Amino acid sequence: MKRVLLIGNGAREHAIGETLKRFGAQVFTYGKARNPGLVELSEGYEVGDLKDFDAMRDFARKVSPDFAFVGPDDPIADGTADMLLEMGIHSVAPLQTVARLESSKSFTRDLLAKYAIPGNPQFKVFYDDAGMEEWLKELGEDFVVKADGLMGGKGVKVSGDHLNGHEEALAYARECLAGGGRVVIEEKFVGQEFSYMSFCDGVNTAEMPAVQDHKRAYEGDKGPNTGGMGSYSDANGSLPFLQQSDLDEAAEITRQVAKALFEETGAQFKGIMYGGFIATAKGVRLIEYNARFGDPEALNVLPILKTDFVNVCEAIIAGDLKSLPVEFEQKATVCKYIVPEGYPENPQKGQKIEVGAIPEGIKMYYASVDQTDEGLIMSSSRAIGLVGIADTIEEAEKAVQASCSAVSGPVFYRKDIGTQELIQQRVAMMQSLRG
Ligand code: GLY
């Protein structure tokens, strides 16, 4: 039985832990709160700060794992995999130098440009004010301003959405310069976004089913951006608005990026390369990379992974991914997140929720909740992820929708995620873009 040290305590880590256990591993979790799902499935559980490397080291020493899995972006960017490697523990998570793929937007844009990898927008990286105004004029009405570092999903601001006009763009760009010393200003794409995650052993990649996440808080894709209110995937591994060529282009970009990362840094990327892509009228473009599983996307793909996940993790570490057929069940999935009222701007914090009977076949993952003597208490973030799995998206949506009422308390969720109406809007948009 393999012993795995799992870092993190959200729904994504609950899904990772559950899948490791499904394939026979013993899971030992280090997280900043007690996720009831992870507490139940773990052989050992330590609550601690994810920045506290001394505490993590002590726990790792006690556990003596065969390998580690680091779930969230912050500890990956902080170099948790490097710290564990110094102790002789290999991780399914990239070393800090290649984790810059997520933690530095300018690093990734420059990497694609230097190695002539397709998918980049027109972009410029600024270290001070000089030339910013002129570049915005060149881009015109449509632009994106990106803070360079990790900003908890709040660093990217888009024209017509968060930024009205060049004055606001310049003000935000200056804020980014003051905060991180660097800002990326780039062309805005029009199309449909999709998440395409790959296992990567440093050389070889194995793609997972494509997923579409829903960032906006309210139905009809309205309201403020969130960590993701829910997501869906289709039984054929693609999405109803995509063509096979979109997936092929995206996978090829990821393969080339893995190669370029090694050439650039001398370190191999071992972990999950999560490409946030957009299908446009002119083909696939890269919005950004993350160096970890997506959340909620992990909740869509991990429950339908057919290949032994422990073997996949070991193959990533050994650089031997090509020896495995990485396969998923041909099932559609729909995930809906139950979140506190007021989320994301004025969430009810510390409120109690109750979870009633979850219908058979529905997967439930605990996110930002704490199991206390008073019951299940929400933080200010997403609380519970529910996932329906079926032969079609329509059936999966109906099944998960019927399960949402099992969670009671001051919460809400998006009823429209995975519905035929919403999906048809996306299909129609891409049809009109592609002419
Ligand atoms: N699905 C958004 C994220 O994981 O960052």
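Every number for a ligand or one of its atoms is a count from 1 in the order of the listing. If you're wondering where the values come from, they're calculated on a predicted model, not measured in any experiment.
A cation-pi geometry, defined here as NZ or CZ lying under 6.0 Å from the six-membered ring centre and within 45° of its normal, does not hold between R426 and F241.
Between H162 and Y172, the gap from one ring centroid to the other reaches at least 6.0 Å.
Only the side chain of R292 comes within contact range of ligand 1, with a heavy atom under 4.0 Å; no backbone atom does.
Scanning both residues, T280 and F189, for their nearest heavy atoms gives CG2-CB, 4.2 Å.
Ring geometry for F293 versus F309: interplanar angle of 30 to 60°, hence tilted. In this pair, F412 and Y218 present their aromatic rings tilted. The plane angle is within the 30 to 60° band.
Interface of G294 with ligand 1, defined as ligand atoms under 4.0 Å from a residue heavy atom, comprises 4 (O). Near D213, the atoms of ligand 1 lying under 4.0 angstrom from a non-hydrogen atom of the residue are 1 (N), 2 (C).
In terms of protein heavy-atom proximity, atom 2 (C) of ligand 1 is closest to Y274 OH, 3.3 Å.
Of the N or O atoms in K215, none lie within a sub-3.5 Å distance of an N or O in ligand 1.
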